[in-house]
Number of protein chains: 2
Amino acid sequence: MSNPGKDQVQCDCNVIHEEVVKRVRAKMPEEETLYDLAEFFKVFGDSSRIKIIWALFEEEMCVCDIAYLLNMTQSAVSHQLRVLKQARLVKPRREGKNMFYSLDDEHIAAIFKEGLNHIAE
Amino acid sequence: MSNPGKDQVQCDCNVIHEEVVKRVRAKMPEEETLYDLAEFFKVFGDSSRIKIIWALFEEEMCVCDIAYLLNMTQSAVSHQLRVLKQARLVKPRREGKNMFYSLDDEHIAAIFKEGLNHIAE
DNA sequence: TGAACATATGAACCTATGCTCATATATTAA
DNA sequence: TTAATATATGAGCATAGGTTCATATGTTCA
């Protein structure tokens with residue numbers, strides 16, 4: 001019978017509860033899923049992006065409006081919108097020289113609500 | 001009548017839709033709330049912490065078990081547990097020489113579920 | 001076309017952060 | 001008390017990430 005953790009080399013302490021580890025290991029999702037989940041939440045982990053998302057909760061806005069509202073440079077807003085766009089959280093719509101951004105995800109409201117519940121405690 | 005945005009100095013472009021900005025500004029939460037929300041999500045924005053939280057979904061574990069399960073050093077796990085503890089997401093329980101950690105928040109499951117819904121799309 | 005304006009983007013800078021390493025603290029057992 | 005073990009923590013390092021700056025792209029209008 002092989003040691004189920006024989007490929008673990010970094011752990012520098014003794015295993016106390018082998019059975020617990022085995023049970024939990026069996027329930028862990030794939031590495032990639034956990035990585036993607038972290039990447040997704042990382043997008044919400046910056047107050048500039050949180051502000052942009054919150055603003056777009058109310059209504060569609062162009063880049064310039066967002067920059068003015070949040071007291072940010074046009075460039076900073078544009079860079080952050082790119083991050084949000086790549087995470088498929090906002091979508092752009094061109095109207096002449098303006099790009100209007102709006103939310104592109106129905107999960108955000110629920111996630112924010114749970115987050116607010118936590119920090120309100 | 002004063003310009004409602006006269007204190008905005010960083011914006012380097014012209015305001016296109018003054019009314020939109022005014023409406024959205026009226027609906028924005030306090031600066032501190034948005035900052036706290038970002039800080040909260042930042043905790044989820046790292047795959048090591050995501051893994052620890054997911055493991056604790058299954059059952060309470062001691063530091064050594066977690067390190068072994070996730071192939072991390074005891075020190076790295078301990079540092080991350082401190083972050084999670086400060087965010088009031090996990091709570092410790094001492095039993096002899098071991099510290100057992102368990103989840104301390106009922107919102108996490110709901111937040112993870114929404115996050116998984118998003119990345120599954 | 002060319003000028004004016006809105007937005008996008010690459011490079012550089014600076015700060016934040018996750019890890020390692022060494023060591024401190026805490027508990028148990030001899 | 002001393003040794004052994006489990007966990008916590010401060011310092012330092014390396015990388016990631018957010019902003020600025022300069023400039024490119026794209027659109028409208030004369």
Side-chain angles (χ1 to χ4, degrees), chain A residues 9-17 20-21 34-35 38-53 60-87 90-102, chain B residues 9-17 20-21 34-35 38-53 60-87 90-102:
Chain A
V9 293
Q10 303 231 45
C11 176
D12 51 357
C13 54
N14 302 320
V15 177
I16 310 296
H17 310 89
V20 173
V21 172
L34 296 168
Y35 179 81
E39 288 302 302
F40 174 66
F41 286 123
K42 201 173 286 183
V43 177
F44 295 110
D46 175 77
S47 56
S48 292
R49 288 193 292 269
I50 287 276
K51 286 175 191 171
I52 292 173
I53 293 170
E60 179 189 63
M61 295 179 89
C62 71
V63 177
C64 190
D65 288 346
I66 298 171
Y68 180 74
L69 170 70
L70 302 180
N71 193 28
M72 294 172 67
T73 64
Q74 172 271 318
S75 178
V77 170
S78 191
H79 278 296
Q80 294 297 12
L81 283 170
R82 190 157 69 97
V83 174
L84 294 171
K85 195 167 52 183
Q86 281 172 174
V90 303
K91 58 171 188 289
R93 175 180 71 83
R94 180 174 283 283
E95 188 178 304
K97 282 181 286 191
N98 293 309
M99 292 292 276
F100 286 87
Y101 282 86
S102 58
Chain B
V9 293
Q10 305 230 44
C11 176
D12 51 356
C13 54
N14 302 318
V15 178
I16 309 297
H17 310 89
V20 173
V21 173
L34 297 168
Y35 179 82
E39 289 300 303
F40 174 66
F41 286 124
K42 200 172 287 181
V43 177
F44 296 109
D46 175 78
S47 57
S48 293
R49 287 192 294 268
I50 288 276
K51 288 175 189 171
I52 293 173
I53 292 170
E60 179 190 63
M61 296 180 88
C62 72
V63 178
C64 190
D65 288 346
I66 299 171
Y68 179 74
L69 170 71
L70 303 179
N71 193 30
M72 293 172 67
T73 63
Q74 173 272 320
S75 178
V77 171
S78 191
H79 277 297
Q80 293 297 15
L81 283 169
R82 191 158 68 98
V83 174
L84 294 171
K85 195 167 53 182
Q86 280 172 174
V90 303
K91 57 171 187 286
R93 175 180 72 81
R94 179 175 283 283
E95 187 179 305
K97 280 181 286 191
N98 293 309
M99 292 293 274
F100 286 87
Y101 282 84
S102 58

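Each chain gets a letter, A, B and so on, in the order its sequence line appears, and its residues count up from 1.
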| task | Tell me, with the steps shown, if B:Val77 and B:Leu81 meet side chain to side chain contact (heavy atoms under 4.5 Å, CB included). | result | CA-CA 6 Å; B:Val77 171; B:Leu81 283 169; 3.7 Å; yes

| query | Would you call the rings of A:Phe41 and A:Phe44 parallel, tilted or perpendicular, where under 30° means parallel and over 60° means perpendicular? | reply |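 Ring orientation of A:Phe41 relative to A:Phe44: tilted.
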
| said: A side-chain contact here means heavy atoms from C-beta on lying under 4.5 Å apart; do B:Gln80 and B:Ile66 qualify? | reply: no

| request: Please list, chain by chain and in numerical order, all residues satisfying side-chain hydrogen bond (donor to acceptor under 3.5 Å, both in side chains) with A:Arg93, sequence neighbours excluded. | output: A:Glu60, A:Glu95

| said: If you compare all heavy atoms of B:Tyr35 against all heavy atoms of A:Ser47, which two are closest, and at what distance to 0.1 Å? | reply: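 Heavy-atom minimum between the residues: CA-CB, 4.3 Å.
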
| message | How close do B:Val43 and B:Ala87 get, counting heavy atoms only, and between which atoms? | response | CG2-CB, 3.8 Å

| N/O donor-acceptor pair under 3.5 Å between A:Asp46 side chain and A:Ser48 backbone | yes

| field | Donor-acceptor under 3.5 Å (A:Arg49 side chain, A:Lys42 main chain) | value | yes

| request: Report the distance from atom CZ of B:Phe41 to atom C1' of D:dG18, rounded to the nearest whole Å. | output: 19 Å

| Distance, rounded to the nearest Å, where A:Asn71 contributes CG and D:dG18 contributes C1' | 16 Å

| message | Treating primed atoms plus P, OP1 and OP2 as sugar-phosphate and everything else as base, which nucleotides of nucleotides 4-11 of chain C get B, S or - for protein heavy atoms under 4.0 Å? | response | -BSBBBB-

Please write out each protein N/O paired with an N/O of nucleotides 13-18 of chain C under 3.5 Å, distance rounded to 0.1 Å.
| unit_1 | atom_1 | unit_2 | atom_2 | d |
| --- | --- | --- | --- | --- |
| C:dG18 | OP1 | B:Arg49 | NH2 | 3.1 |
| C:dG18 | OP2 | B:Arg49 | NH1 | 2.9 |

